[in-house]
Amino acid sequence: MTELLHEMHAWMNDYMRSFRTDEPDVMLGIQLKEIHTGYVTTNARALAKHLGCNAHDTGLAEIIGLFHDVGRFRQYAIYQTFNDASSEDHADLGLKVLAEEVDFLERLTPADADLVRFAIKYHNKKEIAPTDDERKLFFAKLIRDADKLDIYRVLLPFLTPEGAETAPNFVPSDAAQEVSPDFVVDFAAGRQADYYRLRTHGDRKIVRLMWIYDINFMWTLRRIVERGYVDAFIESLPAQEGIAEGVARLRAYIERLCAQND
């Protein structure tokens, strides 16, 4: 596993660098995802160790973290956006890239390769597909947490209206700052919103705040809260009817979980 991981890291580093360009707008997105890949790989490995995974399973977590966003580079090079709804699903695209470019997954056992593909495929979906395979479910939950933890960090510079103008095409730069009415309703009710309905900068913030309800491990939630991500996103929300209700529900949910796990 150690030698295979070394080969995987070397290939991924070369692959990411192959998308570098002299175009500043494109490079912003590519470099953002290069850095994100490193953080998520570290998060996945750290979370696996915290949860008591053995060396083999910690290695699988690292593989999933390393390759979870491999599709983002082709996506941004082709479409100049990270919006799956206006391009194509980056997790599905990532699995295509891995199948076309390398044989790494074929060098794992069939069960491990299937597990890695499942976790990558569902790392970005609104929900994980139902499965009776507890290992698949565990690793899908792990990568979703590792990914979300770093996405909060990534998005911090883009929360203000001025910052949103410099964001690498998460939504159109001229999109409204307000939250769409249907997203306000979802937020107030404490339920996940559909990423594919995202239309405004406000919607983007609400979707990330509602991710809190989908965090699987306290290790992750504590880091999100302690690093100030929740407060930063809440403070950046526009003043709209229904927002305060959603904020109150979210804060109560976090306080209840933290109290239960003290």
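- Shown here for Arg249 and Ala188, the closest heavy-atom pair between the two residues is NE-O, 2.8 Å.
- In this structure, Thr2 has no side chain to side chain contact (heavy atoms under 4.5 Å, CB included) partners at least two apart in sequence or on a different chain.
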**Study point:** Leu105 and Leu108: CA distance, side-chain angles, deciding distance, side-chain contact (heavy atoms from CB on, under 4.5 Å) verdict
**Key:** CA-CA 5 Å; Leu105 299 190; Leu108 300 173; 4.0 Å; yes
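- Thr109 contributes a side-chain N or O that, together with a main-chain N or O of Asp112, makes up a donor-acceptor pair within less than 3.5 Å.
- Taking the side chain to side chain contact (heavy atoms under 4.5 Å, CB included) definition, one finds that Glu178 meets it with Ala176, Gln240, sequence neighbours left out.
- Judged as a side chain to side chain donor-acceptor pair (under 3.5 Å), the pairs with a partner in residues 41-55 (not counting sequence neighbours) are, in order, Arg45-Glu62.
- Listed by chain and number, the hydrophobic cluster partners of Tyr39 are Ile35, where partners are ILVMFWY side chains within reach of under 4.5 Å, directly or through others.
- When the salt bridge (Lys or Arg N to Asp or Glu O under 4.0 Å) test is applied to Asp186, the partners found at least two apart in sequence or on another chain are Arg191, Arg197.
- Every residue was checked against the salt bridge (Lys or Arg N to Asp or Glu O under 4.0 Å) condition with Arg256, not counting sequence neighbours, and none meets it.
- Rounded to the nearest 0.5 Å, atoms CG (Leu93) and CD1 (Ile120) are 12.0 Å apart.
- Under the side chain to side chain contact (heavy atoms under 4.5 Å, CB included) criterion, Glu3 pairs with Glu7, not counting sequence neighbours.
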Exercise for review: Report the C-alpha distance between Arg227 and Leu149 in whole Å, list the side-chain angles of each, state the deciding distance to 0.1 Å, and finish with yes or no for side-chain contact (heavy atoms from CB on, under 4.5 Å).
Suggested key: CA-CA 10 Å; Arg227 294 174 187 179; Leu149 176 57; 3.8 Å; yes
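- Side-chain contact annotation: Tyr122 with Glu127, donor-acceptor N/O pair under 3.5 Å absent.
- With respect to Asp145 and Lys148, no salt bridge is recorded, no charged nitrogen being found less than 4.0 Å from a carboxylate O.
- When hydrophobic clusters are built by joining Ile, Leu, Val, Met, Phe, Trp and Tyr residues whose side-chain heavy atoms come closer than 4.5 Å, directly or via intermediates, Ile128 is not grouped with Leu47.
- With hydrophobic clusters built from ILVMFWY side chains whose heavy atoms lie under 4.5 angstrom apart, Phe118 does not share a cluster with Val116.
- Here the side chain of Gln192 pairs a donor or acceptor atom with the backbone of Met210 at under 3.5 angstrom.
- Partners of Phe233 by ring pair (Phe, Tyr, Trp, His ring centres under 6.0 Å), not counting sequence neighbours, listed by chain and number: Tyr152.
- Legend: side chain to side chain donor-acceptor pair (under 3.5 Å) pairs involving residues 128-144, not counting sequence neighbours, sorted by first then second residue: Asp57-Arg135, Asp114-Lys136, Arg144-Asp214.
- Residues Leu237 and Phe158 fall within the same hydrophobic cluster, defined by Ile, Leu, Val, Met, Phe, Trp and Tyr side chains chained together at heavy-atom separations under 4.5 Å.
- One finds the CG atom of Leu159 at 11.5 Å from the OH atom of Tyr229 (value rounded to the nearest 0.5 Å).
- Side-chain atoms of His68 come within 3.5 Å of backbone N or O of Gly65 as a donor-acceptor pair.
- Aromatic ring pairs are classed by plane angle as parallel below 30°, tilted from 30° to 60° and perpendicular above 60°; the pair Tyr15 and Trp11 is parallel.
- Not a single donor-acceptor pair under 3.5 Å links the side chain of Ser180 to the backbone N or O of Asp182.
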Exercise for review: Walk me through it: do Met27 and Asp22 pass the test side-chain contact (heavy atoms from CB on, under 4.5 Å)?
Suggested key: CA-CA 7 Å; Met27 271 306 295; Asp22 292 332; over 6 Å; no
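- Applying the salt bridge (Lys or Arg N to Asp or Glu O under 4.0 Å) test to Glu100 and every residue at least two apart in sequence or in another chain returns Arg74.
- Taking 4.0 Å as the cut-off between side-chain N and carboxylate O, Asp203 and Arg208 do not count as a salt-bridged pair.
- Rounding to the nearest 0.5 Å places CG of Asn216 at 11.5 Å from CD1 of Ile143.
- Taking Ala91 as the reference, Asp89, His123, Asn124, Lys125 meet the side chain to side chain contact (heavy atoms under 4.5 Å, CB included) condition, with sequence neighbours excluded.
- Residues satisfying the ring pair (Phe, Tyr, Trp, His ring centres under 6.0 Å) criterion with Tyr253, sequence neighbours excluded, are Tyr213.
- Ring pair Tyr76/Phe82: centre-to-centre distance below 6.0 Å.
- Linking Ile, Leu, Val, Met, Phe, Trp and Tyr whenever their side-chain heavy atoms come within less than 4.5 Å puts Trp219 and Val225 in one cluster.
- The pair Arg20-Glu34 meets the salt-bridge criterion, since a charged nitrogen lies less than 4.0 angstrom from a carboxylate oxygen.
- Tested against Lys33, the residues Asp150, Asp147, Asp69 include a single salt bridge (charged side-chain N to carboxylate O under 4.0 Å, His left out) partner, Asp69.
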Review point. Given Ile30 and Glu23, is the side-chain contact (heavy atoms from CB on, under 4.5 Å) satisfied, shown in steps?
Key: CA-CA 11 Å; Ile30 297 302; Glu23 298 179 43; over 6 Å; no
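- For the pair Gln75 (side chain) and Glu88 (backbone), a donor-acceptor distance under 3.5 Å is present.
- Between the side chain of Lys121 and the backbone N or O of Asp92, no donor-acceptor pair lies under 3.5 Å.
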